[in-house]
Q: 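Here it is, the structure, as structure tokens.
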Amino acid sequence: MSFRLGLTGSIGMGKSATAEMFRKRGIPVYDADAAVAELYAPGGGAAPVLEALIPGAAAPDGSADREVLRKAVLGNPEMLKRLEAAIHPLVLAKRAEFLAANRAAPLVLLDIPLLYETGSEQEMEAVLVVSAPAEVQRARVLARPGMTPERFEAILARQTPDAEKRARADRVLDTSRGFPAAEAEVEAILDQFRATGRISQEKP
């Protein structure tokens with residue numbers, strides 16, 4: 001069975017870039033966001049489930065209508081919880097497919113934005129959290145097209161605080177030091193795994 005390394009981090013911390021560093025080194029990477037996008041696409045399986053919960057959520061092409069979903073959960077945290085609960089089993093099935101397809105790999109990386117929020121850390125052998133100072137995070141996120149301070153704060157409110165993530169992690173990678181430093185840390189993690197078959201608890 002593969003060693004499962006969970007990767008997570010709050011919005012704007014550089015998680016996707018870190019996942020790509022592992023991917024280009026030959027490590028199989030599960031992308032939870034990509035799995036959800038596949039489920040929401042035409043024929044992906046999410047539309048019928050969501051339609052039963054929110055009438056109109058299934059678009060004519062068989063995809064899930066994200067605008068209908070966005071309006072349904074806006075200011076309605078209970079509906080958001082119900083939506084997430086409905087989709088979660090489908091996401092878990094996608095994750096199981098990935099693990100089965102890569103069971104011969106010594107190490108797999110599972111990129112899960114809401115890893116702690118969904119309790120998925122319990123399924124990992126170790127967790128790597130990407131982090132950066134709050135001012136760096138804020139500048140990165142607000143530079144994104146269509147992002148507003150209000151939306152940024154709303155996203156943060158749904159995520160486990162960065163300080164708690166760092167405290168619970170096995171490894172913390174500070175992405176504010178630049179790509180070369182991040183690449184070196186990824187190499188160090190992989191070197192340690194190759195040498196010991198595990199990833200030790202080391203934090204800055």
Q: Quick check: do M21 and L173 have side-chain heavy atoms less than 4.5 Å from each other?
A: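 No, side chains not in contact.
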Q: Please lay out, stage by stage, how F193 and I27 fare under the test side chain to side chain contact (heavy atoms under 4.5 Å, CB included).
A: CA-CA 12 Å; F193 179 77; I27 305 301; over 6 Å; no
Q: How far apart are the C-alpha atoms of K165 and M13, what are their side-chain angles, what is the distance that settles it, and do they pass the side chain to side chain contact (heavy atoms under 4.5 Å, CB included) test?
A: CA-CA 12 Å; K165 286 187 175 114; M13 293 302 197; over 6 Å; no
Q: With distance as the sole test, does S63 use its side chain to make a donor-acceptor pair with the main-chain N or O of A59 at under 3.5 Å?
A: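 Absent.
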Q: Should R194 and D191 count as an ion pair when the cut-off is N to O under 4.0 Å?
A: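 Judged by the 4.0 Å cut-off on N to carboxylate O distance, R194 and D191 do form a salt bridge.
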Q: Has the side chain of E117 got a donor or acceptor atom that lies under 3.5 Å from a matching backbone atom of T160?
A: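 Present.
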Q: Any chain of hydrophobic side-chain contacts (each under 4.5 Å) joining L90 to Y40?
A: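 Both belong to a single hydrophobic cluster.
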Q: Out of curiosity, does V91 fall in the hydrophobic cluster containing L80 (side-chain heavy atoms, cut-off under 4.5 Å, transitive links)?
A: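 Yes, because L80 and V91 connect within a single hydrophobic cluster, where side-chain heavy atoms sit under 4.5 Å apart.
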Q: May I ask you to test the M124-L115 pair for a side-chain heavy-atom distance under 4.5 Å?
A: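 The answer is yes, as the side chains (C-beta and beyond) meet within the 4.5 Å cut-off.
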Q: Would you call K15 and D111 a side-chain contact if the rule is heavy atoms closer than 4.5 Å?
A: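 Touching, per the 4.5 Å side-chain cut-off.
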Q: Once rounded to the nearest 0.5 Å, what's the spacing between atom CD of Q122 and atom OH of Y116?
A: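 Result: 11.5 Å between the selected atoms.
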Q: Side chains of R4 and Y30: closer than 4.5 Å at any heavy-atom pair?
A: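 Counting from C-beta outward, R4 and Y30 never come under 4.5 Å.
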Q: Give, for atom CD1 of I54 and atom CG of L69, the distance between the pair rounded to the nearest 0.5 Å.
A: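 CG of L69 is found 5.0 Å from CD1 of I54.
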Q: Strictly by modelled atom types, are D162 and S10 linked by a side-chain donor-acceptor pair under 3.5 Å?
A: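 Result is no, nothing qualifies.
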Q: Using a strict 4.0 Å threshold on nitrogen-to-oxygen distance, state whether E67 and R70 make a salt bridge.
A: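 Salt bridge present between E67 and R70.
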Q: Could you see if F152 belongs to whatever hydrophobic cluster contains V130? Use Ile, Leu, Val, Met, Phe, Trp, Tyr and a side-chain cutoff under 4.5 Å.
A: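 The answer is no; the residues belong to distinct hydrophobic clusters.
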Q: Search all heavy atoms of L5 against all heavy atoms of I189 and return the closest pair with its distance.
A: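 The pair with the smallest heavy-atom distance is CD2-CG2, 4.5 Å.
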Q: Less than 4.5 Å apart, any side-chain heavy atom of E123 and any of L110?
A: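 No, every pair of side-chain atoms sits at 4.5 Å or beyond.
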Q: Could you tell me whether a side-chain N or O of S2 sits under 3.5 Å from a main-chain N or O of A105, the two making a donor and an acceptor?
A: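 Yes, because the side chain of S2 sits within donor-acceptor range (under 3.5 Å) of the backbone of A105.
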Q: Calculate, to the nearest 0.5 Å, the distance between atoms CG and CG belonging to L107 and N102 respectively.
A: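 Going from CG on L107 over to CG on N102, the span is 10.5 Å.
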Q: With heavy-atom distances below 4.5 Å as the criterion, would you say the side chains of Q137 and S176 are in contact?
A: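 Q137 vs S176: side chains apart.
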Q: Do the side chain of T175 and the main chain of A132 share a donor and acceptor less than 3.5 angstrom apart?
A: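 Between the backbone of A132 and the side chain of T175 there is no qualifying donor-acceptor contact (under 3.5 Å).
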Q: Donor-acceptor pair, R103 side chain versus A100 backbone, under 3.5 Å?
A: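 Yes, because the side chain of R103 sits within donor-acceptor range (under 3.5 Å) of the backbone of A100.
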Q: If you count the non-hydrogen atoms of other residues, nucleotides and ligands that lie under 6.0 Å from CZ in R25, is the total more than 12?
A: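 Atom CZ in R25 is crowded, with more than 12 foreign heavy atoms closer than 6.0 Å.
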Q: Would a distance-only check, ignoring hydrogens and angles, find a side-chain to backbone donor-acceptor pair under 3.5 Å from T8 to I112?
A: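 Yes.
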Q: Salt-bridge test for R177 and E185: reply yes if a basic N is under 4.0 Å from a carboxylate O, no otherwise.
A: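 Judged by the 4.0 Å cut-off on N to carboxylate O distance, R177 and E185 do not form a salt bridge.
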Q: Does CZ belonging to R82 count more than 12 external heavy atoms closer than 6.0 Å?
A: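 Open: at most 12 neighbouring heavy atoms sit under 6.0 Å from CZ of R82.
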Q: Strictly below 4.0 Å, N to O, side chains only: are E20 and R23 in salt-bridge contact?
A: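 Answer for the salt bridge query: yes.
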Q: Within the 4.5 Å heavy-atom criterion, are F3 and I199 side-chain neighbours or not?
A: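 With C-beta onward as the side chain, the pair touches.
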Q: Ignoring hydrogens and angles, tell me if any N or O in the side chain of Q159 forms a donor-acceptor pair with the backbone of L114 under 3.5 Å.
A: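 No; judged by distance alone, with no hydrogens or angles, the pair does not exist.
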Q: Could you tell me whether the side chain of K24 reaches within less than 4.5 Å of the side chain of E183, counting heavy atoms only?
A: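 The answer is yes, as the side chains (C-beta and beyond) meet within the 4.5 Å cut-off.
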